[in-house]
Asker: 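Mind looking over this structure? Questions follow.
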Amino acid sequence: MSSKVRVRFAPSPTGPLHIGGVRTALYNYLFAKQQGGDFILRIEDTDSQRFVSGAEAYIVEALTWLGINFDEGTHVGGEYGPYRQSDRKEIYKKYVDILLASGSAYIAFDTPDELEAKRNEIENFQYDASTRGQMKNSLTLTEQELKSLLDTGINYVVRFKIEPNENIEVNDLIRGKVIINSSELDDKVLYKSADSLPTYHLANIVDDHLMKITHVIRGEEWLPSAPLHVLLYRAFGWTDTMPKFSHLSLLLKPDGKGKLSKRDGDRLGFPVFPLQWTDPKTQEVSSGYRESGYLPQAVNNFLALLGWNPGNDQEIMSMDNLIELFSIERCSKSGAKFDYEKGKWFNHQYIQTQSDALLAQLFTPYLNASGVEAEAAYVEQVIGLVKERVHLIPDFWDQSSFFFKAPEMYDEKTVKKRWKEDTSAQLGELCGVLQAITDFSSANQETIVKQWIEDKGYHLGNIMNAFRLAIVGESKGPHMFDITATIGKVQTISRLQTAISTIQYQA
RNA sequence: GCUCGUUUCGGCUAGUGGAAAGCCUCUACUUUCUCAAAGUAAUAACGCCUGGUUCGAUUCCAGCAACGAGUACCA
């Protein structure tokens with residue numbers, strides 16, 4: 001009789017959601033949906049110092065774009081709310097008092113300065129069983145002193161009282177049993193009277209319990225504090241319903257050492273955030289996957305495979321496939337270097353599966369930005385011709401601008417290589433040949449033009465390459481007659497004439 | 001420093017007590033009027049460590065090393 005699976009994604013609104021955070025959210029979502037469970041968004045804004053306005057809205061928008069949807073959360077409500085920790089102050093205070101009453105926690109008055117001094121004085125100072133006797137707290141002060149200090153309204157914190165020399169076991173679904181001795185842990189601050197807010201650890205445990213979370217799937221950076229969390233569950237008497245833990249490996253830099261950071265994206269030229277973000281303070285703009293021309297399906301698929309695999313060779317998986325196949329046990333223990341090239345490959349794969357109409361819709365803003373207005377049907381036709389060579393949506397412009405605009409200049413290298421002494425004359429003849437064609441379909445043009453080339457004894461490559469140069473401006477693009485059939489006879493001949501009168505033969 | 005975690009081709013990774021597989025990237029070839037794309041092929045790895053268990057270890061164990069994370073009145 002296991003209870004319904006409930007998992008949460010619990011980011012802090014301290015800035016845009018990092019791509020590693022997106023992956024954590026995705027894995028939680030996949031697990032929840034596979035188990036028929038609930039997925040909850042909880043905003044952990046207990047650090048008033050680092051709060052960034054707009055960050056919460058960003059998180060919701062980013063995950064919505066990716067199709068990672070929540071059953072409960074700040075934006076959708078739910079019966080376990082409120083889902084923003086700053087709205088739950090009274091709740092935490094109550095639980096702090098419970099720990100204080102049971103003797104599992106104590107009040108400490110040491111100021112940040114005093115602690116700093118202590119750290120300088122004693123190497124590897126840790127506020128724990130071995131040192132708490134020398135500090136200013138409710139364990140060392142008399143009841144009188146304590147009372148009078150509290151009466152002054154002075155700031156204090158509540159610390160968790162950790163008993164030393166006990167091996168704490170954490171059973172991690174990915175890593176197995178992890179054991180750490182409680183003497184390694186310090187008496188963590190659980191609550192600050194200065195802002196009446198709990199710290200992460202207390203709020204996290206209380207909320208996970210109250211929200212009936214069954215599985216905690218989070219980043220590896222939390223592994224060292226997992227034993228502390230186990231101890232907190234025990235202190236509250238919640239061991240029976242303690243969630244199962246899974247600590248995900250981190251996303252690493254594509255090159256060099258260390259975890260993936262915003263700087264790597266700037267340095268190597270790829271987005272580290274799902275959506276573009278403008279820093280409210282500095283106005284600095286960070287690029288996003290959406291604005292860079294990624295399809296959400298590709299981002300999900302790419303991220304899903306960075307630290308997890310289905311156990312076979314399957315790589316292209318829809319969200320439904322992922323939900324079906326995902327398993328925590330198959331998450332890898334080691335960190336994954338971020339491979340941006342592979343991400344582009346995934347996007348290329350997904351672009352091939354999208355309809356020309358949808359791609360046209362995504363491409364249109366870029367077209368407009370380049371000063372082009374075109375009929376949707378025409379854009380779709382062009383997209384059908386070039387989509388197989390496109391990796392990101394903006395690539396459509398590089399691959400198809402000549403369908404919308406006549407070349408304004410001709411690539412010099414190509415001119416040198418492809419424009420021969422007699423090219424002008426030959427293309428002049430070609431204009432006549434094309435002019436006479438009534439059925440301007442690609443196939444018909446090809447038949448007639450190739451016949452003409454053969455009859456004249458011209459060199460196919462010479463004619464075609466010069467033809468392409470005149471129409472495209474450089475040496476690239478799809479099948480030549482597909483281009484001319486698309487832009488039409490008038491435009492084709494006009495471009496040929498422009499090229500003939502513009503390009504000079506260079507000996 | 002201390003604690004915990006991790007270690008298979010350049011990258012993501014599969015897998016195994018006895019022939020180490022797939023994908024991305026790179027390279028070559030093919031198709032073609034070009035560029036791409038696609039197809040084919042090829043290259044390439046078990047921590048150049050030290051011990052142990054074993055007939056046999058990439059696989060199990062110990063040590064070492066490297067890398068990562070944590071070590072805040074941040075999450």
Side-chain angles (χ1 to χ4, degrees), chain A residues 10-14 44-47 49-50 108 110-112 115-116 119 123-124 126-127 155-159 170 172 174-175 178-181 183-186 188-195 197-201 203-204 218-227 247 249-250 252 254-255 257-259 302 305-316 330 332-346 348 352 386-391 395 398-399 414 417-418 446 449-450 453 459-469 472 474-481:
Chain A
S12 290
T14 55
E44 309 220 328
D45 56 346
T46 53
D47 184 354
Q49 301 295 310
R50 294 208 302 156
D110 318 272
T111 65
L115 289 170
E116 186 56 33
R119 290 192 185 101
E123 211 172 327
N124 298 326
Q126 180 168 284
Y127 207 124
N155 285 339
Y156 65 89
V157 299
V158 174
R159 284 181 181 271
V170 177
D172 186 291
I174 296 172
R175 294 155 200 280
V178 177
I179 299 169
I180 190 169
N181 192 283
S183 298
E184 303 296 337
L185 271 23
D186 67 334
K188 272 275 174 300
V189 169
L190 300 179
Y191 179 86
K192 312 153 271 177
S193 75
D195 54 9
L197 280 170
T199 60
Y200 169 83
H201 304 287
N204 191 264
R218 71 219 315 186
E220 189 182 356
E221 68 270 26
W222 295 107
L223 190 53
S225 49
H247 291 92
S249 59
L250 267 22
L252 272 19
D255 59 347
K257 313 295 179 189
K259 68 174 174 182
F302 171 48
L305 253 15
L306 227 41
W308 171 82
N309 73 82
N312 56 37
D313 291 343
Q314 194 178 357
E315 289 214 288
I316 300 297
R330 291 203 68 87
S332 52
K333 302 181 183 79
S334 53
K337 285 197 179 184
F338 194 77
D339 183 4
Y340 185 63
E341 288 302 321
K342 185 120 191 205
K344 285 212 287 210
W345 177 82
F346 271 108
H348 175 255
Q352 308 320 309
V386 301
K387 74 199 272 189
E388 70 178 24
R389 47 228 293 153
V390 166
H391 284 76
D395 294 348
D398 304 321
Q399 296 297 338
T414 313
K417 192 172 168 195
R418 303 294 193 189
E446 180 164 1
V449 172
K450 282 192 172 168
I453 291 171
H459 186 271
L460 179 72
N462 287 352
I463 299 289
M464 292 306 292
N465 282 305
F467 189 12
R468 179 175 293 279
L469 177 64
V472 174
E474 56 188 304
S475 184
K476 72 172 189 187
H479 186 67
M480 199 52 222
F481 296 106

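Lettering of chains follows the sequences in order, A, B, ..., and the numbering in each one begins at 1. Bear in mind that the values here come from a model prediction, so they are computed numbers and not experimental data.
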Asker: Can you measure A:Asn309 atom CG to B:C24 atom C1' for me and round it to whole angstrom units?
Answerer: 15 Å
Asker: Check the distance between B:U13's C1' and A:Trp345's CH2 and give it to me in whole angstrom.
Answerer: 13 Å
Asker: The side chain of A:Pro112 is closest to which nucleotide in this list: B:A75, B:C23, B:C73?
Answerer: B:C73
Asker: Report which part of the nucleic acid A:Lys192 touches: base, sugar-phosphate, or nothing (heavy-atom distance under 4.0 Å, all strands).
Answerer: base
Asker: With the side chain of A:His479 defined as its heavy atoms from C-beta on, choose the nearest nucleotide among B:U25, B:U3, B:C33.
Answerer: B:C33
Asker: Would you please confirm or rule out a distance under 4.0 Å between OP1 or OP2 of B:G11 and any side-chain N or O of A:Lys344?
Answerer: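 No.
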Asker: Using whole Å, what does the distance between atom C1' of nucleotide B:A72 and atom OH of A:Tyr191 come to?
Answerer: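 Nearest whole value for this atom pair: 19 Å.
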Asker: Return the value, rounded to whole Å, for the distance between atom CZ of A:Phe338 and atom P of B:C24.
Answerer: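 A:Phe338 atom CZ is separated from B:C24 atom P by 18 Å.
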Asker: In terms of the nearest nucleotide of RNA chain B, which residue is placed more toward the 5' end: A:Gly461 or A:Ala10?
Answerer: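 Checking each residue's closest nucleotide, the 5'-ward one belongs to A:Gly461.
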Asker: Do any side-chain nitrogens or oxygens of A:Arg50 fall under 4.0 Å of OP1 or OP2 in B:A75?
Answerer: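 So the side-chain polar atoms of A:Arg50 never come under 4.0 Å of the phosphate oxygens OP1 or OP2 of B:A75.
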Asker: At under 4.0 Å between heavy atoms, what does A:Ile463 touch on the DNA or RNA strands: base, sugar-phosphate, or nothing?
Answerer: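 Touches nothing.
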Asker: Have a look at A:His348 and say if it touches a base, only the backbone sugar-phosphate, or nothing, with a 4.0 Å heavy-atom cut-off.
Answerer: sugar-phosphate
Asker: If you look at every strand shown and take non-hydrogen atoms under 4.0 Å, does A:Arg330 touch a base, only sugar-phosphate, or nothing?
Answerer: sugar-phosphate
Asker: Within the pair A:Asn124 and B:C2, is there a side-chain N or O less than 4.0 Å away from OP1 or OP2?
Answerer: no
Asker: For A:Tyr200 and for A:Gly307, find the nucleotide of RNA chain B with the closest heavy atom, then tell me which residue's nucleotide is more 5'.
Answerer: A:Gly307
Asker: Can you tell me the distance, in whole Å, between the NZ atom of A:Lys476 and the C1' atom of B:C35?
Answerer: 8 Å
Asker: What's the CD-P distance between A:Glu388 and B:C35, to the nearest Å?
Answerer: 15 Å
Asker: Take atom CZ of A:Phe346 and atom P of B:C24, then tell me their distance rounded to the nearest Å.
Answerer: 9 Å
Asker: Mind listing the closest non-hydrogen atom pair of A:Arg218 and A:Asn204 along with its distance?
Answerer: NH2-OD1, 3.9 Å
Asker: Would you say A:Ser475 reaches B:C33's phosphate, i.e. side-chain N/O to OP1/OP2 under 4.0 Å?
Answerer: no
Asker: Once you apply the 3.5 Å cut-off to both distances, tell me the Watson-Crick or G-U wobble partner of B:C67, or none.
Answerer: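 The answer is B:G5, by the H-bond criterion.
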Asker: So does A:Thr14 get a side-chain nitrogen or oxygen closer than 4.0 Å to the phosphate oxygens (OP1/OP2) of B:A75?
Answerer: no
Asker: For the pair made of CG in A:Leu460 and C1' in B:U34, what is the distance, rounded to whole Å?
Answerer: 12 Å
Asker: For B:C35, does OP1 or OP2 lie under 4.0 Å from any side-chain N or O of A:Arg418?
Answerer: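 Answer is no, no contact under 4.0 Å.
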Asker: For A:Phe302 and A:Phe338, I'd like to know if the aromatic rings sit close, meaning centre-to-centre distance below 6.0 Å.
Answerer: yes
Asker: Looking at B:C24, B:C4, B:C33, which one has an atom nearest to any side-chain atom of A:Arg468?
Answerer: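 Out of B:C24, B:C4, B:C33, the nucleotide with an atom closest to A:Arg468's side chain is B:C33.
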Asker: Kindly point out which of B:U34, B:A72, B:C4 is positioned nearest to the side chain of A:Asp186?
Answerer: B:A72
Asker: For the pair A:Lys342 and A:Glu315, find out whether any cationic side-chain nitrogen is under 4.0 Å from an anionic carboxylate oxygen.
Answerer: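 Yes, A:Lys342 and A:Glu315 are salt-bridged.
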Asker: Assess whether one donor atom and one acceptor atom, taken from the side chain of A:Arg389 and the base of B:A36, lie less than 3.5 Å apart.
Answerer: yes
Asker: Select one nucleotide: of B:C12, B:C73, B:C4, the one nearest the side-chain heavy atoms of A:Leu115.
Answerer: B:C73
Asker: Determine whether any donor atom in the side chain of A:Lys342 lies under 3.5 Å from an acceptor atom in the base of B:C23, or the reverse, and answer yes or no.
Answerer: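 By the distance-only test, yes, there is a pair.
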Asker: What is the nucleic acid contact for A:Thr111, judged by heavy atoms within less than 4.0 Å: base, sugar-phosphate only, or nothing?
Answerer: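 Here A:Thr111 touches the bases of the nucleic acid.
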Asker: Between protein and nucleic acid, restricted to nucleotides 61-69 of chain B and to nitrogen or oxygen atoms under 3.5 Å apart, what atom pairs and distances do you find?
Answerer:
residue, atom, partner, partner atom, Å
B:G68, OP1, A:Gly258, N, 3.2

